[in-house]
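In this text, all values refer to a predicted model and were calculated from it rather than measured experimentally.
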Amino acid sequence: MISNMREKTGKSFEEWQMILKQKAFAKHGEAMTFLKEEHGVSHGFANTIILLSKNNTPAATELVEAQYSGKEVLKPMYLQLVSMMTSFGDDVSVVPKKDSVSLVRKKQFALIKPATKNRIDIGIKLRNTPVGERLGNSGPFGTMCTHRVQLHSMEEIDAELKTWLYNAYQEAD
C-alpha cells in the first residue's frame, strides 16, 4: 500500500503524514472521517496512513532508519509488512526497538528484523502450529517467537504469510 499510495490517493505517505500532523486529530475515527470525506481516501488507505503516522514519532523513526541503514532495499518490504499487520485492527501497536520492530496487540504477536542486506526475518508467535518448510523454527528469536519466516522479496508477502500473521494477531488477544 505504501509503494502505490501516491498512485491510488494522489499523495505520498509523507504528504499524508504532514496533513494529519497539521490537523492533530485526537481520535482515530475523526482522522478516518477527514481522510475519507474531505480527501476521498479509501478506508484501507486511510487506516494505514493513520496507524503508521501514530507510530512515526522522531525516536521511532530514527530507530527504524538505523535498522535499514545500508539495507534500504528492504524498507519497502518492512513498510508493506507493517501496513498489513496494522490493518488487522485498531489495537495493533508498532514498537520499534534497537534491532527490530515488535507488533503488539495485548501481547507481541510478530517481530520484524532486517537480518542481512537482502533478507528480513519475521518472528511469529503461533500456538499449536507445526514447523514447516517455510514456517521455520524461531531461530535467533528464541522464546520471543515460536516461528520464523525469512523474506527475500515483496512477492513472499503473500496470502499464506498474512494468514499466519493474522492468526498470531488473533491469539495475542
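- Side chain of Thr129 to backbone of Arg127: a donor-acceptor contact under 3.5 angstrom is found.
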Give the C-alpha distance, both sets of side-chain angles, the deciding distance and a yes or no for side-chain contact (heavy atoms from CB on, under 4.5 Å) between Leu135 and Leu126. CA-CA 10 Å; Leu135 185 65; Leu126 280 171; 4.2 Å; yes

Derivation of the salt bridge (Lys or Arg N to Asp or Glu O under 4.0 Å) call for Asp91 and Arg105: CA-CA 6 Å; Asp91 56 350; Arg105 193 174 188 189; 2.6 Å; yes

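- Side-chain contact between Leu161 and Glu156 is absent, with no heavy atoms from C-beta onward closer than 4.5 Å.
- Between Leu165 and Val149 the shortest side-chain heavy-atom distance does not fall below 4.5 Å.
- With hydrogens and angles ignored, the 3.5 Å screen pairs a side-chain donor or acceptor of Thr116 with a backbone N or O of Arg119.
- Proximity of Cys145 to Gln108: side-chain heavy atoms (C-beta onward) are separated by under 4.5 Å at one or more points.
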Test log, rule salt bridge (Lys or Arg N to Asp or Glu O under 4.0 Å), inputs Lys107 and Glu171: CA-CA 9 Å; Lys107 302 175 198 163; Glu171 290 179 12; over 6 Å; no

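- By the neighbour-count criterion of 12 heavy atoms within 6.0 Å, atom NZ of Lys162 is sparsely surrounded, having that number or fewer from other residues, nucleotides or ligands.
- You'll find the side chain of Val92 reaches within 4.5 Å of the side chain of Leu103, heavy atoms only.
- Distance alone, capped at 3.5 Å, is enough to place a donor-acceptor pair between the Thr48 side chain and the Gly44 backbone.
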Decide yes or no on salt bridge (Lys or Arg N to Asp or Glu O under 4.0 Å) for Arg6 and Glu15, but give the supporting numbers first. CA-CA 9 Å; Arg6 179 178 295 285; Glu15 290 170 313; 3.2 Å; yes

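- Without hydrogens or angle criteria, Glu72 side chain to Gly70 main chain gives a donor-acceptor distance under 3.5 Å.
- No donor-acceptor distance shorter than 3.5 angstrom exists from the side chain of Gln80 to the backbone of Met154, with no hydrogens or angles considered.
- Here the side chains of Leu74 and Gln67 are not in contact, with every heavy-atom distance at 4.5 Å or above.
- Without hydrogens or angle criteria, Lys125 side chain to Thr143 main chain gives a donor-acceptor distance under 3.5 Å.
- At least one side-chain heavy atom of Tyr78 sits less than 4.5 Å from a side-chain heavy atom of Val82.
- Between Phe88 and Phe109, the ring planes are tilted. Angles from 30° to 60° get that label.
- Remark: the backbone N or O of Val104 is not paired with any side-chain donor or acceptor of Ser102 at under 3.5 angstrom.
- Looking at heavy atoms from C-beta onward, Leu111 lies out of side-chain contact with Val101 at the 4.5 angstrom threshold.
- One N or O on the side chain of Thr146 and one on the backbone of Ile124 form a donor-acceptor pair closer than 3.5 Å.
- With Glu30 contributing its side chain and Ala24 its backbone, the two residues share no donor-acceptor pair below 3.5 Å.
- His39 and Phe34 have perpendicular rings, their planes meeting at more than 60° on a 0 to 90° scale where under 30° would count as parallel.
- Counting heavy atoms from C-beta outward, Tyr68 and Ile120 have side chains that approach closer than 4.5 Å.
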